[in-house]
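Let me begin by presenting the structure, written as structure tokens, before commenting on it.
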2 protein chains.
Amino acid sequence: MKVLTRHIIIASFYATTIAVGTAKPQEIIKIGVSVPSADHGWTGGIDFFAQKTKERIESLHKNIQIIVKTATGPSDQVSGLQELVATQQINALVILPYESGPLTDPVRKVKEKRVFVTVVDRALSDNSIHDLYVAGDNPGMGKIAAQYLIDRLRGQGNIVVLRGLPTVIDDQRFDTFMELIKNTQIRVLDSKYANWKRDDGFKVMQDFLTRFPKIDAVWAQDDDIALGVLEALQKTKREKELFVVGGGGMKEMVKRVLDRDALVPIDIVYSPSMIANAIELTALHYTAKLPINGTYILDSPLITPENAAQYYFPDSPF
Amino acid sequence: MKVLTRHIIIASFYATTIAVGTAKPQEIIKIGVSVPSADHGWTGGIDFFAQKTKERIESLHKNIQIIVKTATGPSDQVSGLQELVATQQINALVILPYESGPLTDPVRKVKEKRVFVTVVDRALSDNSIHDLYVAGDNPGMGKIAAQYLIDRLRGQGNIVVLRGLPTVIDDQRFDTFMELIKNTQIRVLDSKYANWKRDDGFKVMQDFLTRFPKIDAVWAQDDDIALGVLEALQKTKREKELFVVGGGGMKEMVKRVLDRDALVPIDIVYSPSMIANAIELTALHYTAKLPINGTYILDSPLITPENAAQYYFPDSPF
């Protein structure tokens with residue numbers, strides 16, 4: 001299927017080359033974009049960039065139609081997919097899966113209908129389904145965070161870890177982090193899912209603070225979660241004993257890094273603009289008639305007080 | 001530098017969002033494209049796709065100007081770079097380096113002039129220079145070839161290997177291949193560079209045929225080289241004793257796979273259209289104001305008699 005789509009495309013590239021000068025009515029290509037609704041800051045950024053990209057591409061290419069559907073959870077996203085395929089009859093799907101497990105079989109079924117599939121960020125549990133995969137450098141985020149913590153704590157201390165949602169990319173961050181930590185004297189007191197949400201970050205951190213009298217650092221691996229952690233620390237007045245490492249490049253957190261806030265010494269870029277790259281490449285598959293199948297991993301560099309000014313955008317949606 | 005460019009871009013994304021409705025003269029963005037001249041079939045494909053992509057992008061975006069320069073060798077490519085930077089004052093460079101070593105420092109110097117750098121295919125010896133890297137799956141090509149040879153030869157026999165040019169991607173193909181072969185009873189009689197050229201493939205294979213009375217298979221890892229190998233086999237009438245594994249998806253080789261030619265049982269996709277993906281993404285950095293920094297690896301799937309029809313394009317330039 002993957003192969004077939006690609007080669008219809010290559011064939012039409014050459015067909016187009018040959019047919020230069022003859023005008024014929026263009027077929028409308030429908031691209032469905034399925035993303036989580038703005039349940040936290042990062043997904044707010046995703047929705048913002050999806051909408052902007054739809055407007056940009058539709059204004060440039062009259063034969064491309066982009067339908068953006070937001071989902072409040074995995075089952076809502078599955079129903080949305082059914083509608084995109086059955087009612088809208090999409091040619092291509094760009095999906096940021098709410099969770100990896102529950103979306104894997106539904107997306108496989110979409111693929112079986114000969115729809116081109118681009119998966120963004122959270123990945124599916126079976127990586128043979130997508131035609132194109134676009135994400136930030138999740139193993140890199142785990143690695144950068146671990147290296148910073150090891151260096152800063154001089155290889156020893158007590159830390160707690162807040163995870164995201166049960167997804168492939170959360171495992172990539174966590175596994176890479178734990179692999180580097182295991183050869184040190186740093187003890188992970190506990191790790192719990194906080195679902196990339198501020199409220200859950202607050203609740204999980206409150207629990208950690210109740211149970212552990214001495215915590216040297218928190219790896220929240222996400223800036224929405226980190227906001228909740230900071231709130232819990234403020235409430236319990238334990239802000240002086242530790243520091244927090246998030247991730248994402250959220251403007252509030254980058255500002256703290258820039259201001260040399262001792263609680264938030266660094267951040268790691270993971271921009272929601274990646275959804276725009278994914279939609280643009282998928283559209284290019286049709287407008288430029290190019291094979292685009294593959295894996296596109298965007299850089300996730302470290303933000304320090306020294307370079308934070310370059311990453312701080314007060315007018316950004318995230 | 002990398003960081004700065006990215007964030008000027010993000011900043012201007014938001015600026016554009018805010019400035020909707022106000023027309024102002026657009027700055028001309030110049031993208032230099034530096035590629036090897038058509039010294040074999042695959043580079044012929046590269047030049048074809050670079051030219052087509054220039055035409056497509058310039059017709060869509062009046063403020064983007066693309067200057068394609070072909071080079072006959074590493075030193076010619078270095079002079080071309082100097083002209084692109086000094087005379088043309090390019091904003092971005094898309095380069096397929098002739099060789100990795102000799103181009104690394106010259107491209108570093110281009111980067112130091114705050115030019116956005118996209119490297120395609122052959123890579124530089126220092127992977128911290130590029131902003132974006134686009135290539136096929138070179139380790140995958142070595143892996144697929146090794147797995148096929150091991151399976152087909154049932155883990156034992158004598159083979160010869162023809163390499164490309166001394167580049168990072170040639171090492172990736174070769175090292176992955178050798179890693180898998182070393183645990184078998186397959187003996188690599190010799191390996192030599194054939195520079196991804198048909199003539200060199202012919203000469204190297206003639207030498208192998210003179211020196212080795214019994215060869216069970218040839219890993220040529222490239223279809224241009226494989227054409228030279230086939231010519232040498234024909235001349236010495238040793239076509240019946242072995243088979244040849246190339247790579248690239250050249251139409252002549254895909255046709256042989258399709259026709260179940262015993263000499264060419266498989267091929268592996270490595271399409272020169274990747275230069276189009278690289279130029280398109282680089283242009284997108286300016287037209288959509290997106291951060292695009294990262295690594296984009298296009299799939300390199302196996303071509304067998306069963307799926308070859310989907311990969312065969314008689315009108316293709318490659």
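Convention: sequence-line order gives letters A, B, ...; per-chain numbering from 1. Quantities reported herein were computed from a predicted structural model and do not represent experimental measurements.
- The structure places NZ of A/K52 at 13.0 Å from CG of B/L290, a figure rounded to the nearest 0.5 Å.
- Both the backbone and the side chain of B/L298 come within contact range of chain A, judged by heavy atoms closer than 4.5 Å.
- When each of B/E55, B/H61, B/M274 is scored by its heavy-atom pairs under 4.5 Å with chain A, the top score falls to B/H61.
- No more than 12 heavy atoms of other residues, nucleotides or ligands sit less than 6.0 Å from atom NZ of A/K143.
- Remark: A/E280 CD to B/I292 CD1 distance equals 11.0 Å, nearest 0.5 Å.
- The 12-atom threshold is not exceeded at NZ of A/K255, counting heavy atoms of other residues, nucleotides or ligands nearer than 6.0 Å.
- Only the side chain of B/L132 comes within contact range of chain A, with at least one heavy atom under 4.5 Å from a heavy atom of that chain.
- Distance check: B/I297 CD1 to A/N293 CG gives 14.0 Å after rounding to the nearest 0.5 Å.
- B/N277 places a side-chain N or O within donor-acceptor distance of the main-chain N or O of A/P291, the cut-off being under 3.5 Å.
- B/Y296 pairs with exactly one of A/V134, A/L281, A/T295 by the side-chain contact (heavy atoms from CB on, under 4.5 Å) rule, that one being A/L281.
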